[in-house]
Amino acid sequence: MRIAAVAEAEGGGRLRGPDAQAPGPDGAVRRADDLAAAVAEHERGAADRGTPVRWIVADTAHFYPPLLERGVRIARCHDIALVEALLQGHAGRFGEAHALGAAWARLHGREVPPDPARSGAEGAGPQTALFEPDRSTLPPGVDPLDALVQVHDDQRRRIAELPRPGRFALLAAVESAGALAAAEMAHDGVPWRADVHDAVLTEQLGPRPPAGRRPPVLADLAARIGEALGRSLNPDSPAQLMRAFEAAGHPVASTRSWVLRRVEHPAVPLLLRYKELARLHSAHGWSWLDTWVSGGRFRADYIVGGVVSGRWATRGGGALQIPKVLRRAVVADPGWRLVCADAGQLEPRILAAVSGDSALAAAAGSDDLYARLAGSFGGDRQRAKIALLAAMYGQTGGDAAALLPRMRQAYPRAVDHVDAAAREGEHGHLVRSWLGRTCPPPMWGGADDPEAGPGERAARERGRFTRNFVIQATASEWALVLMAAVRRGLAGLDASRGRPQMVFFQHDELVLHVPAELAEAAAATLRAAADEAAAQMFGDTPVRFPLDVAVVERYSQA
DNA sequence: ATCGGGGGCCAC
DNA sequence: AAACGTGGCCCCCGAT
């Protein structure tokens, strides 16, 4: 059952569902003074009847947070903007406007308005308790409720006409479910102990300095680096460092760590230590803590579909680059546990599933795929791993090149699969994930200039991109299917001691925060969801997708 | 002062 | 070992 919903001023809104006596294909329009209450009522009714509602909304990231503030959760939605972006991408028009207003305009042959700029909440400030004013780009006089229903019908029709409508429908559903999960994660937040974070910083950097000053340990290292190089310098400046090393008789081509590591000079170990600590201080130091952690929670601002491959991005806070040393600060509340799940060796397993390579699929039936590959590489697991990753990433240099022929010989269909994707890219063609997410068109050539060809270098880069895209994008959607199943499973657990929460998601990792009594049930939910994800995506396949699940109090223990 | 490219490093 | 994909973010530094 679908219900289209739009928010209006002061917490009100309108719904258009099937449950009424009024005319029209989808029944009545109902005006609600309290939209959150009306949504909650429908969700309860749907649960009682066993006929879940799919909410048709223009933009989940805009619609859902105010509901969450009111304690209202919804099970399923169809996010018009996200699905429009997927459909546009599939049609070779990646990145074009995809908000409701744009979709409606295209449907009616009108001029397509650019998407509204996102207001992006900065920092961990209080969330908006009210629905924001209408940012729709629909023309005046067009009822957004009508537009939602029309565009939804149109999207369903366009999906039905695709070569693999079932797969794409699954993609649309899990992308939308991901948008719900992202809003819920932002709402609930990762439990984050500011005192532990501060202790880590103090232990590594010394006491917190006044704003704008270097922490003591960094200041000391900078001074000693200067002494070792015989001149005062700023270690943050690659140009100054290059000049200093040159003057000291050790010219370097760059100041990257791995380059410096090969230089024998007393300044090098100091500098390597400095770089490591400076990064911690600038990216996740005290000012990060002040900005992003409040009330014992870190709230990541996820952007669903923010990466071309379908991986999520984040806006501010660097949630997808939390350094490992800080995982000590992620601690479950008293009486609660973290349930951490990590899909091991996800991308090679995806390659096995999508390529239909029987030898690789057989290897992917075990918990350690790389170990099963080792036999083809003289028993060397590490070499097998390098060879497989090189095939997926298009690596041509280093050790990997020598291993590729062996890889091709042992797993021909798998290598063919990614080689074919690379060739498509080199020729300027599009490639798609298993469920139908489509890569952006190349920057060269295009409608304006059909004669323009890529340079050789650009073509090779494009080939590496499309080679990896078919794997990374499919891995991302596997993770989304998993997440949707986990969300469903968690909603079915007993919430009387507190609602189990999904609090962190990072490409192939999921962290739950649950009452201790529910930890085992949550772990079982995760494992069941992994099996479900594999079956939903690939049907009957020998490839396994083992999920490493750990119940811990601290993320660093996972 | 502000912008933006590049260098560098973190995560997967 | 160091030319291998997707990102975010901070710093420097030259251009405006």
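All values below come from the heavy atoms of this structure, side chains included, with hydrogens, waters and symmetry mates left out. Letters A, B, ... mirror the listed sequences (proteins, then strands); counts begin at 1.
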Atom pair distance, as rounded to whole Å: CZ in A:R462 and P in C:dC4: 19 Å
What is the distance, rounded to the nearest whole Å, between atom CG of A:L320 and atom P of C:dC9? 9 Å
Measure from the side-chain heavy atoms of A:Q506 and tell me the nearest of C:dC9, B:dC12, C:dA3. B:dC12
Check the phosphate of C:dA2 against A:R262, side-chain N and O only, distance under 4.0 Å to OP1 or OP2. Yes or no? yes
Rounded to whole Å, the CD1-P distance (A:I350 to B:dC12) equals 18 Å
Over all strands shown, is A:G317 touching base, sugar-phosphate only, or nothing at heavy-atom distances under 4.0 angstrom? sugar-phosphate
Rounded distance in Å - CD (A:E276) to P (B:dC9): 11 Å
Test applied, salt bridge (Lys or Arg N to Asp or Glu O under 4.0 Å); reference residue, A:R408; option that passes from A:D419, A:D416, A:D357: A:D419
Measuring to OP1 and OP2 of C:dC12, would you say a side-chain N or O of A:N234 lies under 4.0 angstrom away? yes
N/O (side chain, A:K324) to phosphate O (OP1/OP2, B:dC9) under 4.0 Å: no
So, OP1 or OP2 of B:dG8: does either fall under 4.0 Å of a side-chain N or O from A:T255? yes
Gap between atoms CZ and C1', on A:R467 and C:dT6 respectively (whole Å): 16 Å
For the side chain of A:T314, counting heavy atoms from C-beta on, which of C:dC11, B:dG7, C:dG8 is nearest? C:dG8
Distance below 4.0 Å between A:S257 side-chain N/O and B:dC9 OP1 or OP2: yes
In whole Å, I'd like the distance from the CG atom of A:L271 to the C1' atom of B:dG8. 12 Å
Within the 4.0 Å heavy-atom criterion, would you say A:S309 contacts the bases, only the backbone, or no part of the nucleic acid? nothing
By the definition side chain to side chain contact (heavy atoms under 4.5 Å, CB included), identify the one residue from A:L480, A:V83, A:L171 that meets it with A:S176. A:V83
Between C:dG5 atom P and A:H507 atom NE2, what is the distance in whole Å? 16 Å
Under 3.5 Å, is there an N or O donor on one side and an acceptor on the other linking the side chain of A:R311 and the base of B:dC12? yes
Nearest of C:dG8, C:dG5, B:dC12 to any side-chain atom of A:Y393? C:dG5
Nearest to the side chain of A:W258, heavy atoms from C-beta on, is which of C:dC11, C:dA2, C:dG7? C:dA2
Do A:W192 and A:V330 have side chains that get closer than 4.5 Å, going by heavy atoms? yes
In plain terms, say whether A:D368 and A:R381 are close enough for a salt bridge, that is, a side-chain N and a carboxylate O under 4.0 Å apart. yes
Ion pair A:R273/A:E276, N-O distance below 4.0 Å: yes
Ring centroid separation for A:H507 and A:W312, is it under 6.0 angstrom? no
Taken to the nearest whole Å, CG/A:L241 to C1'/B:dG8 is 11 Å
Decide yes or no, distance alone: a donor-acceptor N/O pair under 3.5 angstrom between the base of C:dC4 and the side-chain of A:R464. no
